[in-house]
Colleague: 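Dropping the structure in here first, questions after.
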Amino acid sequence: MKKILFVSLTICMIAHPCCAQNYRVARVEKTRILVDSKFDSDGGNSTASFLVPYKHSVDSIMSPLVGRIECSADINKPESRMTNLMADIMVWASELYGEKVDVGVYNIGGIRSTMAAGDVTYGDVMAVSPFENRICFLSMTGEVLNELFSQMAFTGGECVSQGVKLVFTKEGKLKSASLNGKPIDPARKYRIATIDFLAQGNDKMYAFKKKTDYVNFDDAANNSREIIAKYFTYMKEHGIKVEPKVEGRVVVE
């Protein structure tokens with residue numbers, strides 16, 4: 001009976017394609033769901049018991065402290081504490097590679113978790129950056145950099161480092177772009193720190209395809225999460241507080 005019913009429905013849809021065309025996507029919404037201890041209220045279930053033998057091994061990797069953050073860091077467009085922090089970490093790391101960069105860029109889509117105020121573990125870092133993206137360095141002219149900023153305006157904002165000031169229109173256009181108070185010079189060459197995923201022109205940042213003087217790395221030690229962990233460890237060892245702020249790097253007028 002079920003087979004007959006299935007065949008009948010299939011024939012109906014083929015014979016009357018309009019039946020399958022009456023639905024349209026009216027709205028798409030998305031949000032981030034923080035999975036924390038409130039989901040673990042039933043600690044005695046069979047799944048928890050199954051995981052016990054593996055917990056010690058996982059905790060030995062995820063639990064070590066790497067540093068501390070003084071305030072919670074959220075993820076929002078066009079600018080937020082977390083987006084600013086990630087771009088600034090790219091600039092900070094450039095000195096480890098003997099690079100002197102002008103701008104750090106990261107993509108909001110590549111940040112997979114916020115950070116709560118307090119101690120930061122390696123597991124927290126892993127939650128923020130679970131991908132195999134590696135830091136890299138490249139150059140582009142100011143003309144191409146303005147193209148990149150225009151593409152950021154279209155997406156509603158991405159992560160840019162301190163000193164960058166971008167003004168977008170409500171229609172998603174770039175109104176102005178400056179670095180350290182000076183307009184981007186179309187003829188000047190700028191050095192950028194970012195991740196290899198973006199350097200290939202992904203996440204709608206197509207201007208990266210026009211890069212020059214590209215330097216990338218294959219070793220897993222150059223993974224973005226390792227860079228983030230090094231940053232927090234360095235700040236902790238040198239007594240420097242990590243306090244990312246929203247400071248008007250990207251505004252919409």
Side-chain angles (χ1 to χ4, degrees), residues 32 69-95 99-115 117 128-129 133 135-186 188-195 197-199 202-208 211 224 227-228 231-232 235 240-253:
R32 295 175 185 269
I69 186 169
E70 300 300 318
C71 56
S72 61
D74 59 347
I75 306 169
N76 286 308
K77 291 185 178 185
E79 179 188 359
S80 64
R81 288 176 175 175
M82 196 69 205
T83 56
N84 287 352
L85 175 63
M86 293 298 288
D88 288 347
I89 290 176
M90 294 292 101
V91 174
W92 171 87
S94 64
E95 294 187 9
E99 290 273 359
K100 185 176 181 180
V101 304
D102 300 294
V103 178
V105 174
Y106 209 89
N107 60 320
I108 291 180
I111 308 174
R112 290 300 168 148
S113 177
T114 59
M115 280 190 166
V128 168
S129 182
N133 298 323
I135 192 169
C136 64
F137 304 93
L138 54 92
S139 298
M140 58 176 59
T141 64
E143 181 180 7
V144 176
L145 184 57
N146 274 329
E147 285 184 32
L148 178 66
F149 291 151
S150 293
Q151 289 157 7
M152 291 183 182
F154 178 77
T155 64
E158 299 293 344
C159 318
V160 292
S161 56
Q162 190 172 47
V164 176
K165 176 64 181 291
L166 304 178
V167 180
F168 301 156
T169 68
K170 294 179 181 179
E171 294 73 34
K173 303 293 184 181
L174 178 66
K175 186 175 181 180
S176 64
S178 62
L179 177 62
N180 298 322
K182 298 180 180 179
I184 300 299
D185 182 352
R188 181 190 156 188
K189 183 179 286 188
Y190 293 85
R191 195 70 173 155
I192 314 297
T194 186
I195 52 176
F197 174 76
L198 295 182
N202 292 311
D203 222 358
K204 296 185 175 64
M205 298 193 210
Y206 311 114
F208 274 121
K211 62 185 178 294
S224 58
I227 300 298
I228 299 167
Y231 169 82
F232 276 100
M235 301 300 269
I240 305 173
K241 292 184 177 181
V242 178
E243 299 178 285
K245 296 178 174 62
V246 174
E247 50 193 18
R249 299 182 191 184
V250 187
V251 298
V252 178
E253 294 183 348

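Atoms considered below: every heavy atom in the structure, side chains included; atoms not considered: hydrogens, waters and symmetry mates.
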Colleague: Between atom CG of L145 and atom CZ of F208, what is the distance when rounded to the nearest 0.5 Å?
Modeller: 8.5 Å
Colleague: Go through the steps to decide whether F149 and I184 satisfy the test side chain to side chain contact (heavy atoms under 4.5 Å, CB included), and finish with yes or no.
Modeller: CA-CA 10 Å; F149 291 151; I184 300 299; 4.2 Å; yes
Colleague: Nearest 0.5 Å please: distance from the OG1 atom of T114 over to the CD1 atom of I69.
Modeller: 9.5 Å
Colleague: Report the C-alpha distance between D102 and K189 in whole Å, list the side-chain angles of each, state the deciding distance to 0.1 Å, and finish with yes or no for salt bridge (charged side-chain N to carboxylate O under 4.0 Å, His left out).
Modeller: CA-CA 10 Å; D102 300 294; K189 183 179 286 188; over 6 Å; no
Colleague: Could you tell me whether F154 atom CZ has more than 12 heavy atoms of other residues or ligands within 6.0 Å of it?
Modeller: no
Colleague: Give every residue pair that meets the salt bridge (Lys or Arg N to Asp or Glu O under 4.0 Å) criterion with at least one member in residues 173-185, sequence neighbours excluded.
Modeller: K175-E253
Colleague: When rounded to the nearest 0.5 angstrom, what distance separates OG in S161 from CG in L85?
Modeller: 12.0 Å
Colleague: Sequence neighbours left out, what pairs pass salt bridge (Lys or Arg N to Asp or Glu O under 4.0 Å) with at least one residue falling in residues 79-89?
Modeller: D88-R249
Colleague: Do L166 and M152 have side-chain heavy atoms sitting under 4.5 Å apart?
Modeller: yes
Colleague: Evaluate the side-chain proximity of V91 to Q162: yes if any heavy-atom separation is below 4.5 Å, no if none is.
Modeller: no
Colleague: Considering all heavy atoms of both residues, which atom of I75 and which atom of S80 are nearest to each other, and what is their separation?
Modeller: CA-OG, 3.5 Å
Colleague: I need the minimum non-hydrogen distance between G142 and Y190, along with the two atoms involved.
Modeller: CA-CE1, 3.5 Å
Colleague: Do C71 and P244 have side chains that get closer than 4.5 Å, going by heavy atoms?
Modeller: yes
Colleague: List for me each residue that meets side chain to side chain contact (heavy atoms under 4.5 Å, CB included) alongside M235, sequence neighbours excluded, and say none if there are none.
Modeller: Y231, I240, V242
Colleague: Are the side chains of I192 and M140 in contact, using a 4.5 Å heavy-atom criterion?
Modeller: yes
Colleague: Which residue pairs satisfy the salt bridge (Lys or Arg N to Asp or Glu O under 4.0 Å) criterion with at least one member in residues 155-172, sequence neighbours excluded?
Modeller: none
Colleague: Is the backbone of Y206 close enough, under 3.5 Å, to the side chain of Q151 for a donor and an acceptor to pair up by distance?
Modeller: yes
Colleague: Backbone N or O of V128 within a donor-acceptor pair of the S113 side chain at under 3.5 Å?
Modeller: no
Colleague: To the nearest 0.5 Å, what is the distance between CD1 (I108) and OG1 (T83)?
Modeller: 5.5 Å
Colleague: Once rounded to the nearest 0.5 Å, what's the spacing between atom CE of M205 and atom CZ of F197?
Modeller: 8.5 Å
Colleague: Quick check: does any side chain N or O of K77 sit under 3.5 Å from a backbone N or O of T155, one acting as donor and the other as acceptor?
Modeller: yes
Colleague: Check side chain to side chain donor-acceptor pair (under 3.5 Å) between R191 and all other residues, then give those that pass, not counting sequence neighbours.
Modeller: E99, S139
Colleague: For V144, does its backbone N or O pair with a side-chain atom of T141 as donor and acceptor, under 3.5 Å?
Modeller: yes
Colleague: Any salt bridge (Lys or Arg N to Asp or Glu O under 4.0 Å) involving residues 136-155? Give me the pairs, sequence neighbours left out, ordered by first then second residue.
Modeller: E147-K210
Colleague: Assess whether side chain to side chain contact (heavy atoms under 4.5 Å, CB included) is satisfied between I195 and V105, documenting all intermediate values.
Modeller: CA-CA 8 Å; I195 52 176; V105 174; over 6 Å; no
Colleague: Of the non-hydrogen atoms in Y106 and A87, which two are nearest, and what is the gap between them?
Modeller: CB-N, 4.5 Å
Colleague: Output, in order, the C-alpha distance, side-chain angles, deciding distance and verdict of side chain to side chain contact (heavy atoms under 4.5 Å, CB included) for L174 and F168.
Modeller: CA-CA 5 Å; L174 178 66; F168 301 156; 3.8 Å; yes
Colleague: Return the CD1 to SG distance between I89 and C159, rounded to the nearest 0.5 Å.
Modeller: 10.5 Å
